[in-house]
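This chain uses plain numbering: 1 for the first residue, then up along the sequence.
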Amino acid sequence: MPLLCVNVDHVATIRQARQGIEPDPITAAAMCELAGAAGIIMHLREDRRHVQDRDIDLISKTIQTDFHFEMAATDEMQRIALDIVPATVCLVPEKREELTTEGGLNCIGQEKRLIEYLAPLHERGVGSSLFIDADPAQITAAKNIGAEYIEIHTGHFADATSRSEQKEELARILDGIKMAQDLGLKVNLGHGLNYVNILDFADVPGICEYSIGHSIMSRAIYVGIDRAVRDMNEIIRNFVD
Ligand code: PXP
């Protein structure tokens with residue numbers, strides 16, 4: 001069964017608007033777990049715009065499921081990951097000026113660097129995932145890097161402004177999923193997925209995890225975290241395995 005992992009960065013974003021102590025993403029993470037999330041995701045950005053070091057430290061001590069640590073491939077983040085030992089690290093590109101992660105990681109030409117970067121993490125038992133676009137060359141590079149998972153970037157699909165554009169993006173993603181699975185990579189999907197567009201993946205076999213933040217936390221404002229997570233889980237539970 002595909003699993004739902006919830007990204008709680010947006011809870012931290014609201015807290016940081018006042019730079020206070022509420023709402024606390026750690027409390028939100030525990031509520032997501034109680035509602036059935038299979039894992040929790042946080043992205044500690046270099047500029048600390050939402051998630052803070054304290055959050056990463058606390059989640060690693062309180063997580064009941066799996067903590068997936070989203071991060072840029074920097075020395076600082078590697079040190080933190082080696083310290084907290086998350087279930088997986090998901091390497092993402094990071095630009096200071098972007099609102100959110102805009103594109104996939106460029107793995108091409110970075111294979112040697114990323115193999116060396118991930119090696120100490122793998123030695124510590126940390127799994128790895130590369131957040132990439134559904135581009136055959138990136139998928140091949142990800143395979144050569146030896147990551148266990150790729151997370152295919154669904155943001156362009158989610159942002160499509162017409163059904164035909166969306167179908168084109170969907171076809172690209174479906175081809176990417178198939179190619180990655182044929183290469184033996186485990187495939188996750190994430191970015192911009194919501195309660196409606198996720199239905200396009202209902203018949204796609206072999207997806208390990210859906211990584212979803214914004215739409216769940218948006219719904220949570222109206223109905224609460226518990227219901228928002230349960231609603232999404234209910235949808236995903238009916239997907240093919
Ligand atoms: N996956 C990755 C790699 C991301 O950077 C993000 C956004 O932080 C997500 C998934 C979740 O995207 P959204 O918040 O749009 O659901």
Side-chain angles (χ1 to χ4, degrees), residues 5-13 15-16 25 29 39-60 63 66-135 137-139 141-156 158 185-193 209 211-214:
C5 292
V6 181
N7 181 315
V8 296
D9 293 354
H10 295 287
V11 179
T13 298
R15 178 191 60 194
Q16 293 312 110
I40 300 296
I41 303 158
M42 285 191 192
H43 181 181
L44 183 66
R45 295 185 75 105
E46 183 194 13
D47 62 11
R48 308 297 198 268
R49 71 173 69 157
H50 41 51
V51 172
Q52 305 296 304
D53 294 72
R54 163 266 190 208
D55 301 325
I56 296 297
D57 180 46
L58 274 177
I59 195 72
S60 70
I63 188 93
D66 282 334
F67 175 48
H68 301 300
F69 185 22
E70 230 179 83
M71 59 186 227
T74 63
D75 290 348
E76 180 195 27
M77 292 303 150
Q78 189 195 45
R79 263 196 312 279
I80 295 171
L82 285 170
D83 187 33
I84 61 159
V85 193
T88 62
V89 293
C90 178
L91 300 185
V92 299
E94 209 174 281
K95 287 190 245 136
R96 261 179 193 263
E97 63 278 13
E98 70 192 353
L99 278 179
T100 179
T101 314
E102 281 168 0
L105 185 71
N106 181 18
C107 297
I108 299 164
Q110 289 216 74
E111 289 90 336
K112 185 170 176 298
R113 182 178 102 76
L114 291 176
I115 288 169
E116 286 169 5
Y117 185 86
L118 289 171
L121 291 156
H122 288 159
E123 271 166 37
R124 289 273 276 154
V126 177
S128 58
S129 176
L130 302 170
F131 180 59
I132 58 173
D133 289 321
D135 168 353
Q138 296 292 350
I139 294 168
K143 173 68 184 170
N144 293 335
I145 289 163
E148 188 181 357
Y149 292 87
I150 59 167
E151 180 178 325
I152 293 186
H153 184 15
T154 50
H156 307 303
L185 287 160
K186 295 181 184 164
V187 179
N188 301 330
L189 297 180
H191 214 286
L193 295 175
E209 289 173 3
S211 163
I212 307 180
H214 191 264

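One distance of note links CG of Leu189 with CD1 of Ile150; it measures 9.0 Å at 0.5 Å rounding. Arg49 contributes atom CZ, which lies 12.0 Å from atom CD of Gln16 (distance to the nearest 0.5 angstrom). Remark: Ile56 CD1 to His43 NE2 distance equals 9.5 Å, nearest 0.5 Å. Once rounded to the nearest 0.5 Å, the distance linking CG of Asp55 with CG of Leu44 reads 8.5 Å. Between the CD1 atom in Ile80 and the CZ atom in Phe69 there is a gap of 5.5 Å [rounded to 0.5 Å]. Atom CG of Leu185 and atom CD1 of Ile132 lie 7.5 Å apart (nearest 0.5 Å).
Side-chain contact between Met71 and Leu91 is present, with at least one heavy-atom pair separated by less than 4.5 Å. Two residues are said to be in side-chain contact when any heavy atoms from C-beta on lie closer than 4.5 Å; Asn7 and Met42 fail this criterion.
Among His68, Glu70, Glu209, the one residue that satisfies the side-chain hydrogen bond (donor to acceptor under 3.5 Å, both in side chains) test with Thr88 is His68.
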Less than 3.5 Å apart, which donor and acceptor atoms pair up between the side chains of residues 112-125 and the rest of the protein, not counting sequence neighbours?
unit_1: Lys112; atom_1: NZ; unit_2: Glu116; atom_2: OE2; d: 2.9
unit_1: Arg113; atom_1: NE; unit_2: Gln110; atom_2: OE1; d: 3.0
unit_1: Arg113; atom_1: NH1; unit_2: Ala73; atom_2: O; d: 3.4
unit_1: Arg113; atom_1: NH2; unit_2: Ala73; atom_2: O; d: 3.3
unit_1: Tyr117; atom_1: OH; unit_2: Thr74; atom_2: N; d: 3.2
unit_1: Tyr117; atom_1: OH; unit_2: Thr74; atom_2: O; d: 2.5
unit_1: Tyr117; atom_1: OH; unit_2: Gln78; atom_2: N; d: 3.2
unit_1: His122; atom_1: NE2; unit_2: Ser128; atom_2: OG; d: 2.7
unit_1: Arg124; atom_1: NE; unit_2: Leu82; atom_2: O; d: 3.4
unit_1: Arg124; atom_1: NH2; unit_2: Leu82; atom_2: O; d: 2.7

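Nearest heavy-atom pair across Asp133 and Gln138 is O-CB, 4.1 Å. Of all heavy-atom pairs between Ala141 and Glu111, the closest is CB-OE2, 3.5 Å. Closest approach of Ala12 to Pro25, counting heavy atoms only: CB-CG, 4.0 Å.
The stretch residues 141-154 participates, sequence neighbours left out, in these side-chain hydrogen bond (donor to acceptor under 3.5 Å, both in side chains) pairs: Glu148-Lys186.
Asp66 is linked by a salt bridge (Lys or Arg N to Asp or Glu O under 4.0 Å) to nothing, counting only residues two or more places apart in sequence or in another chain.
With hydrogens and angles disregarded, no donor-acceptor distance shorter than 3.5 Å links the side chain of Glu46 to the backbone of Glu94.
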Give the C-alpha distance, both sets of side-chain angles, the deciding distance and a yes or no for side-chain contact (heavy atoms from CB on, under 4.5 Å) between Arg45 and Val51.
-> CA-CA 7 Å; Arg45 295 185 75 105; Val51 172; over 6 Å; no

Please test Cys5 against Ile41 for side-chain contact (heavy atoms from CB on, under 4.5 Å), starting from the C-alpha separation and ending with a verdict.
-> CA-CA 7 Å; Cys5 292; Ile41 303 158; 3.6 Å; yes

Could you go step by step and tell me if Asn188 and Phe131 meet the side-chain contact (heavy atoms from CB on, under 4.5 Å) rule?
-> CA-CA 9 Å; Asn188 301 330; Phe131 180 59; over 6 Å; no

